[in-house]
Peer 1: 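Once you've had a glance at the structure underneath, I'll fire off some questions.
Quick caveat, the model's predicted, so the values are computed rather than measured. Note: hydrogens, waters and symmetry copies are ignored here, and every other heavy atom, side chains too, is used.
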Amino acid sequence: MPFSHLPAALSEALTAKGYSALTPVQAQVSEPAAQGRDLLVSAQTGSGKTVAFGISMAGELLGEDGRLPQPGAPMALVIAPTRELALQVAKELSWLYAKAGARIATCVGGMDASRERRALSHGAHIVVGTPGRLKDHSERGALDLSTLKVAVLDEADEMLDMGFREDLEALLDATPRDRRTLLFSATMPRPIVALARKYQNDALRISTVGEDRGHGDIAYQAIAVSPSDIEHAVINLLRFHEAETALLFCATRDNVRHLHASLVERGFAAVALSGEHSQSERNHALQAMRDRRARVCVATDVAARGIDLPTLSLVVHVELPRDAETLQHRSGRTGRAGKKGTAVLIVPFPRRRRVEMMLKGARIDFSWVPVPTPEDIRAKDRERMLDAMLAEVEIDDDDRAIAAELMAKKSPEDIAAALVHAHRASMPQPEELLTSTPNPNLAPDKQHHRPGFDDTVWFVMNVGRRQNADPRWLLPLICRRGGITKNEVGAIRIQANETGFQIPRALASRFAAAVIKSAGQDGEDDSGIRIQPVDGPGTAPAAPARAKLHRAAPTGNDQRPPAPRHPGPSPIRHKGKPFRKGPAGKGAPRRPS
């Protein structure tokens, strides 16, 4: 047998499940050096960690006859961060220990607590649950941990991030000192190391994560878009890849709700997962994905923990993860069990530098790619359609009878064209992204005058060339914040740390009111961008001597923005650099002193 070094019950279960070899993490935890020791294991998501700790704790659970004793107080406790992951772990351990006669109980939030207590009272060999529910049962006396032999913390880094430190410590403090502690985590930040030192004894360190820290079976891509085009980019990505199953990550449940509604409206078979959904609703959504009734799942980070969809090949980070660890957890939903996957980050233009630093700091190889255009999508559709039509299929007599009837009424070309039309009509239409940007290479005197820009008001925003400011995303941001169209924006001057732009005076008051309404209490939007009139409150930074000129619309008023007024005689400092007032009455920008 291929797993002769394992107990017979586990070896038979692995063979029946179709295993031909153990994964690297499973092989390392089953080595003689790891037997009976505490383990501190870092392995990427999807590497077979559940089976790994199931194999590792067999020595403490199975008797000499290879079976488990009569169920009573739990012998093993597995703690997972979310309901979905806990239920998935219980399912995996059930088939692994089925031949050993294991009884497994689950204790997770959102389920009937009284039913869980009854199951515990009848005895269980292994208990799997979430920290809060397990602690509740322990405090009520329903969960007896006094004879526990093995404690497993699965995805411990995520549990600490979710604020479960106190619950974990309370559970571990209630277990015997001589228990084995197996700590599994995709990453090993300092809090995890501290937890290991406190609750483990001479732990064996095992790592199967490569030096690049990324998943070798996942291709990371990043696309830079205007903030107003994020939703359009999502649609084009889904249409371009046409993944069998795709997972989209948003930061909040409100954003999940909005994006899910938009996708359904456009014709995508989509489901949503977030904290506002009950366990029953989550189960129905995941079952729809597994049954292929839905192909797209929109989820928050917490709701997506533990999701295991074998056909998942595309992960889209609609909203950027807070750090590299979250990025890897999200992306690890795909590229599992040796299959290839793609993870795409949708990056608003102002955050390109931050994303590059995060990915490079995590040593993840990635590439910047353009957003798929409608032309790209149509070309892909053509390839997929030809492949589907030319593929060998089984044809029965009814199919041939209908084909003959069609051939008698229409030409083969008309039938093929109708088939193509029906295929295309069933697909959501791709979106046109904003591509019309001002031409920065035209000199001011080459721009044509447009009525309405003889009298303008200058506004300033706190981003410039050093923050990768570019008219392609500045223009739609201005329009979105101010509730205007691109034809109502005049000259745009991109400077080192700030950008000035013109608004017709007739629209200035309405524009300023809309900007205030779209900002937070600190005057900035979600991206940290502040917009204010040049002569408004606060310090408006000055332009360098040779400000670069871009135009969103040609104007006949090519004067420079007037120098902002500041109280007091002393020089104004912006980001540590002093500025002096320009020549009085000239409206010239200030120059660095």
Side-chain angles (χ1 to χ4, degrees), residues 226-228 348-351 438 452-453 455-544 547-553 555 557-568 570-582 586-592:
S226 161
S228 62
F349 285 120
R351 299 194 177 185
F453 286 87
D455 186 15
T456 61
V457 174
W458 281 94
F459 286 77
V460 67
M461 62 176 64
N462 59 339
V463 290
R465 286 192 301 275
R466 293 177 182 171
Q467 292 79 35
N468 296 317
D470 187 284
R472 289 177 298 177
W473 63 267
L474 289 178
L475 180 58
L477 184 145
I478 293 169
C479 296
R480 175 174 54 82
R481 292 286 305 277
I484 60 176
T485 67
K486 63 182 180 180
N487 294 326
E488 294 169 323
V489 182
I492 299 177
R493 294 185 184 277
I494 300 178
Q495 303 160 16
N497 293 304
E498 57 275 341
T499 296
F501 59 92
Q502 292 175 314
I503 299 295
R505 189 172 297 276
L507 302 175
S509 298
R510 177 167 64 85
F511 175 84
V515 166
I516 294 174
K517 187 176 180 180
S518 64
Q521 294 183 351
D522 57 357
E524 298 179 350
D525 65 2
D526 294 338
S527 301
I529 295 178
R530 179 192 301 271
I531 298 177
Q532 60 189 41
V534 167
D535 58 353
T539 300
K548 188 175 182 180
L549 175 65
H550 293 278
R551 285 193 179 271
T555 77
N557 182 18
D558 189 42
Q559 76 273 15
R560 293 182 181 273
R565 297 189 296 271
H566 298 286
S570 59
I572 304 299
R573 302 185 71 87
H574 176 66
K575 294 189 177 181
K577 298 181 180 180
F579 291 91
R580 295 175 180 170
K581 290 185 178 181
K586 299 293 185 179
R590 303 180 215 170
R591 303 169 182 266

Peer 1: Shortest non-hydrogen contact from P471 to P476?
Peer 2: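 In this case the closest contact between P471 and P476 is O-CD, 4.0 Å.
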
Peer 1: Atom CD in Q467, atom CD in E498: separation rounded to 0.5 Å?
Peer 2: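 It comes to 8.5 Å.
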
Peer 1: Would you give the length of the straight line joining atom CG of L475 to atom NZ of K486, rounded to the nearest 0.5 angstrom?
Peer 2: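 That separation rounds to 7.0 Å.
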
Peer 1: Is the backbone of Q502 close enough, under 3.5 Å, to the side chain of R493 for a donor and an acceptor to pair up by distance?
Peer 2: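 Pair absent, no side-chain N/O of R493 close to backbone of Q502.
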
Peer 1: For the residue pair P227 and R480, what are the closest heavy atoms and their distance?
Peer 2: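 Looks like CB-NH2, 4.0 Å.
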
Peer 1: Would you call T456 and I503 a side-chain contact if the rule is heavy atoms closer than 4.5 Å?
Peer 2: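 Sidechains of I503 and T456: no contact.
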
Peer 1: Restricting to non-hydrogen atoms, name the atom on G500 and the atom on W458 that form the minimum distance, rounded to 0.1 Å.
Peer 2: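 Result for this residue pair: C-CZ3, 3.6 Å.
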
Peer 1: Should F459 and Q532 count as side-chain neighbours, where that means a heavy-atom distance under 4.5 Å?
Peer 2: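 No, too far: nothing below the 4.5 Å cut-off.
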
Peer 1: For the residue pair F511 and F501, categorise the inter-ring angle as parallel (less than 30°), tilted (30 to 60°) or perpendicular (more than 60°).
Peer 2: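 Aromatic pair F511/F501 classed perpendicular.
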
Peer 1: Compare every heavy atom of A469 with every heavy atom of L474, then report the nearest pair and how far apart it is.
Peer 2: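 Where L474 meets A469 most closely, the heavy atoms are CD1-CB, 4.0 Å.
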
Peer 1: Contact between I531 and D525 at the side-chain level, heavy atoms closer than 4.5 Å - yes or no?
Peer 2: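 The answer is no, as the side chains (C-beta and beyond) never meet within the 4.5 Å cut-off.
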
Peer 1: Looking at CZ of R465 and OG1 of T499, how far apart are the two atoms once the value is rounded to the nearest 0.5 Å?
Peer 2: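 The OG1 atom of T499 is 8.5 Å from CZ of R465, to the nearest 0.5 Å.
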
Peer 1: Hey, could you give me each pair passing salt bridge (charged side-chain N to carboxylate O under 4.0 Å, His left out) that has a residue in residues 507-520? Not counting sequence neighbours.
Peer 2: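 Listed by first then second residue: nothing to list.
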
Peer 1: Kindly give the heavy-atom pair with the smallest separation between A514 and G483, and that separation in Å.
Peer 2: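 In terms of heavy atoms, the two residues are closest at CB-N, 4.4 Å.
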
Peer 1: Write down the atom of D522, the atom of E524, and the distance for their closest heavy-atom approach.
Peer 2: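 Nearest heavy atoms, D522 then E524: OD1-N, 3.1 Å.
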
Peer 1: Under a 4.5 Å cut-off applied to non-hydrogen side-chain atoms, are I478 and M461 in contact?
Peer 2: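 Yes. Closest side-chain heavy atoms under 4.5 Å.
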
Peer 1: According to side-chain hydrogen bond (donor to acceptor under 3.5 Å, both in side chains), who are the partners of S518, at least two apart in sequence or on a separate chain?
Peer 2: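 With neighbours one apart ignored, the set is R481.
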
Peer 1: Begin from the C-alpha positions of I529 and N462 and carry the test side chain to side chain contact (heavy atoms under 4.5 Å, CB included) through to its verdict.
Peer 2: CA-CA 6 Å; I529 295 178; N462 59 339; 3.8 Å; yes

Peer 1: Does V463 reach the side chain of F349, with side-chain heavy atoms less than 4.5 Å apart?
Peer 2: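 SC-SC contact between V463 and F349 ruled out.
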
